[in-house]
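Labels below follow one simple rule: chain letters A, B, ... track the order of the sequence lines, proteins then strands, and each chain is numbered from 1.
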Protein chains: 2
Amino acid sequence: MFTSKDVARLAGVSQSTVSYVMTGKRPISEETRKRVQAAIDLLSYQPNAGAQALASSRTRVIGLVVPVGGDLGNTGVVPFLEAITQCAREADYDVLLVTADEGAAGLTRLDARSLCDAIVMMVIAANDERIPVIPSLRVPVVLIGVPDDPVGLHCVDIDFTQAGRLAVEELVGTGHRRIVVVGHPPHTIARGNSFVGQFQRGVDEAAATAGIRTGLVQLPESTPSGAREVVDKALSGTEPADGLIVPHTSAIPHVLGTLLQRGMVPGRDISVVGHCTDSAAEEMEPSVTNVSHAPREISRRAMRTLFALLDDEGGNPPPYGVELVPSRLTRRATTVTTLRP
Amino acid sequence: MFTSKDVARLAGVSQSTVSYVMTGKRPISEETRKRVQAAIDLLSYQPNAGAQALASSRTRVIGLVVPVGGDLGNTGVVPFLEAITQCAREADYDVLLVTADEGAAGLTRLDARSLCDAIVMMVIAANDERIPVIPSLRVPVVLIGVPDDPVGLHCVDIDFTQAGRLAVEELVGTGHRRIVVVGHPPHTIARGNSFVGQFQRGVDEAAATAGIRTGLVQLPESTPSGAREVVDKALSGTEPADGLIVPHTSAIPHVLGTLLQRGMVPGRDISVVGHCTDSAAEEMEPSVTNVSHAPREISRRAMRTLFALLDDEGGNPPPYGVELVPSRLTRRATTVTTLRP
DNA sequence: CGTCATCGTCGATGCGTATCGATTGAGCGT
DNA sequence: ACGCTCAATCGATACGCATCGACGATGACG
């Protein structure tokens with residue numbers, strides 16, 4: 001493999017000149033630049049990452065800490081990974097993958113070994129053991145998700161409270177009065193994410209404003225039979241639901257399936273508002289009125305914050321804080337809009 | 001941040017001694033070792049990755065090239081990622097994530113910049129543009145998936161042909177004679193993976209052996225309505241199917257749903273054999289008789305090969321070749337076993 | 001008591017790049 | 001012709017670690 005010294009020899013310049021051509025940190029005459037560039041191209045020279053990291057104390061790597069296990073395929077980490085990797089590459093950064101099961105040690109390792117210049121961490125628990133170590137790291141950290149106490153942290157997340165509010169407002173606005181939320185399965189709740197409560201808070205707020213009360217049924221598991229159980233519960237009693245809100249994405253198709261099985265057509269006999277990505281909402285049958293869930297957008301914003309932190313030259317770093325991305329509601333096939341009495 | 005020199009000073013030894021304590025490449029007296037270790041612990045010393053890579057020309061990083069876009073969440077890359085990362089960490093390696101859309105340049109970058117010691121690549125196309133550059137890389141590469149011409153490559157994959165055979169044999173063995181395969185959606189086929197044809201080959205072989213002919217219906221898209229269309233086709237005509245084989249995991253629930261809608265109970269009125277992970281098979285309703293799909297097992301084997309290549313000291317590297325992992329068939333609720341006339 | 005091997009440790013060097021100060025040469029004014 | 005400035009380039013060094021050769025101490029053995 002070739003080094004910058006080889007390039008220098010071939011171009012008839014010193015190694016430092018090659019370095020300056022690559023970084024552009026000192027003026028280089030057009031003629032020299034071309035000669036060096038030709039040598040670089042000829043040898044297909046690419047700088048050694050380790051040496052570069054050592055000399056510049058910049059790795060051009062982003063550490064990405066992802067959750068593991070369980071319903072991850074469902075939770076949809078993949079779009080986050082894709083978007084983050086894409087953003088990183090666009091800025092000529094690479095992505096080092098670390099799993100959450102390394103815990104706080106994973107963070108300190110990334111930092112202490114100088115494996116990366118910054119960390120993106122997808123938060124799991126509201127009260128995460130890793131949060132306390134963050135301030136002691138040299139590298140900046142951006143969280144996707146919001147822990148209980150976000151002081152001194154950079155967080156980006158869906159505005160779950162607004163999402164919950166939006167869902168209720170849509171249903172209330174179209175005349176629904178007996179709204180039931182289909183809660184997350186125990187598995188999700190057990191992880192202690194804060195978004196469960198945040199969404200519910202939005203629901204409660206909007207319900208209070210509208211002067212109605214909402215129901216809440218807990219999903220035993222995100223399967224067809226789990227949905228059946230829960231839907232039956234929501235439809236039973238003296239006041240059967242006329243609108244369902246389903247914050248758990250993977251439960252939505254099961255809820256729809258159950259309703260159809262029961263002979264109730266979503267959008268005709270009952271309304272369903274889901275919390276999911278727009279593309280998922282469109283692909284379901286019938287297409288679901290949804291409050292949007294935009295992993296790519298979230299990721300982009302997180303990366304924007306990250307790069308602002310990285311580019312900051314002692315000047316004015318972006319302030320700590322929580323950036324909440326509002327959801328949009330898109331009316332599709334599953335809401336009854338003619339209900340208004 | 002502390003360096004090995006700091007540790008050395010604190011322990012009253014030279015820097016090289018610290019290095020030898022950490023690597024164990026030279027004998028160190030028990031007393032010195034303890035003193036050094038105490039200093040390491042006290043300072044929470046961790047070696048600088050860049051310096052280590054530069055000095056040893058070993059990065060302790062595995063490059064992982066993953067496919068992107070489209071139905072990836074469905075395809076289930078996540079378990080591969082998890083298993084590979086876990087294996088890597090167990091051997092004290094990190095994982096650098098690269099997406100397939102970088103193409104061959106991604107591979108050469110990993111290699112030329114010495115970003116990693118080895119590469120795991122999840123193959124997409126049977127005739128992949130990246131395959132030809134592999135032999136020119138200094139780092140070993142292991143493929144998950146098999147391209148058309150696997151000469152000079154290390155590949156690990158599911159034995160799709162055996163899987164197809166197994167599915168047919170199960171149905172034939174339980175008395176089915178009118179077997180229809182529900183093909184992959186165009187989106188998947190367009191990617192040009194070789195496994196589509198391989199599975200079908202297994203199906204054809206087993207059918208020929210049994211002296212029957214199988215049908216094939218193409219799924220227009222992996223949605224409930226796509227499944228409906230395809231199932232109707234399979235059930236129509238003078239010889240309606242008595243057994244369905246569904247190689248596309250995400251189509252299985254839709255096929256089951258359609259059948260139930262049509263009043264046909266899988267496992268009573270018709271049989272369904274899916275190709276999916278065991279856990280997915282168990283979670284569907286009804287639980288699906290499946291030919292197993294074991295991403296974690298595949299990943300582990302790939303990593304085993306990888307480490308064999310890395311550990312090899314000029315001695316006897318593992319030979320090039322394709323390692324096919326056989327599937328198991330597990331009989332669950334969706335096969336009629338009382339059909340035998 | 002001298003010789004020699006062995007074990008444990010140290011010093012020096014190199015890995016490939018970034019970067020700082022020094023140097024060269026050209027252009028300019030006087 | 002002289003000194004001066006400024007642009008462009010070079011040389012030397014540091015980054016933090018691994019590794020090689022060298023060296024001192026220790027003990028075995030004759």
> Quick check: on DNA chain C, is the nucleotide nearest A:Q52 upstream (toward 5') of the one nearest B:T17, or the reverse? Name the residue that is more 5'.
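Whichever sits nearer the 5' end wins; that is B:T17.
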> Pairs in or reaching into residues 92-117 of chain A: which pass ring pair (Phe, Tyr, Trp, His ring centres under 6.0 Å), with residues at least two apart or in two chains?
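Matches after skipping sequence neighbours: A:Y93-A:F307.
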> Of all nucleotides in DNA chain D with an atom under 4.0 Å from a non-hydrogen atom of chain A, which is the first and which the last going 5' to 3'?
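The contact span of chain A on DNA chain D goes from D:dA8 to D:dG16.
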> Which pairs, with at least one residue in residues 45-57 of chain A and sequence neighbours excluded, count as a salt bridge (Lys or Arg N to Asp or Glu O under 4.0 Å)?
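Sorted pair list comes back empty.
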> So which pairs with a foot in residues 145-157 of chain B pass salt bridge (Lys or Arg N to Asp or Glu O under 4.0 Å), sequence neighbours left out?
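Passing the test, one end in residues 145-157 of chain B: no pairs.
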> If we count only N and O atoms by modelled type, under 3.5 Å, do the side chains of B:Q52 and A:R113 hold a donor and an acceptor together?
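Short answer, yes.
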> Does A:L81 form a side-chain contact (heavy atoms from CB on, under 4.5 Å) with A:L97? I'd like the steps, not just the answer.
CA-CA 9 Å; A:L81 288 186; A:L97 199 63; 4.1 Å; yes
> Check this one for me: any side-chain N or O of B:Y20 less than 4.0 Å away from OP1 or OP2 of C:dC7?
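No, because none of the side-chain N or O atoms of B:Y20 sits under 4.0 Å from OP1 or OP2 of C:dC7.
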> The side chain of B:A55 lies closest to which of these nucleotides: C:dG14, C:dT17, C:dC10?
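Among C:dG14, C:dT17, C:dC10, the one nearest the side chain of B:A55 is C:dG14.
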> Identify which one of B:R89, B:E90, B:E82 satisfies the side-chain hydrogen bond (donor to acceptor under 3.5 Å, both in side chains) criterion when paired with B:Q86.
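Considering B:R89, B:E90, B:E82, a side-chain hydrogen bond (donor to acceptor under 3.5 Å, both in side chains) with B:Q86 is found only for B:E90.
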> Mind running a 4.0 Å heavy-atom check of residues 23-38 of chain A against DNA chain D and sending the residues that fall below it, in number order?
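Residues of residues 23-38 of chain A that come under 4.0 Å of DNA chain D are, in numerical order, A:R26, A:P27, A:I28, A:S29, A:T32.
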> Toward the 5' end of DNA chain C, which comes first, B:L54 or B:V13, by nearest nucleotide?
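On the 5' side of the pair lies B:V13.
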> With A:E30, which residues qualify under salt bridge (Lys or Arg N to Asp or Glu O under 4.0 Å), at least two apart?
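Checked A:E30 against salt bridge (Lys or Arg N to Asp or Glu O under 4.0 Å); matches are A:R33.
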> Without decimals, in angstroms, what is the distance between A:M22 CE and C:dG16 C1'?
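In whole Å, C:dG16 C1' lies 13 Å from A:M22 CE.
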> Counting distance only, does the side-chain N/O of A:R138 pair as donor-acceptor with the main-chain N or O of A:D111 below 3.5 Å?
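Flag set: sc A:R138 to bb A:D111 pair under 3.5 Å.
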> Could you tell me how far apart A:K5 (NZ) and C:dA18 (P) are, to the nearest whole angstrom?
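Taking atom P of C:dA18 as the reference, NZ of A:K5 is at 14 Å.
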> Return the 5'-most residue of the pair B:S56, A:A51 with respect to DNA chain D, ranking by each residue's nearest nucleotide.
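Result: A:A51.
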> Please tell me whether A:Q37 and A:D41 have a donor and an acceptor in their side chains that are separated by less than 3.5 angstrom.
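A pair is found: one side chain offers a donor N or O, the other an acceptor, under 3.5 Å apart.
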> Ignoring backbone atoms, test whether A:S4 places a side-chain nitrogen or oxygen under 4.0 Å from the OP1 or OP2 oxygen of C:dT17.
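A:S4 to C:dT17 OP1/OP2: side-chain N or O found under 4.0 Å.
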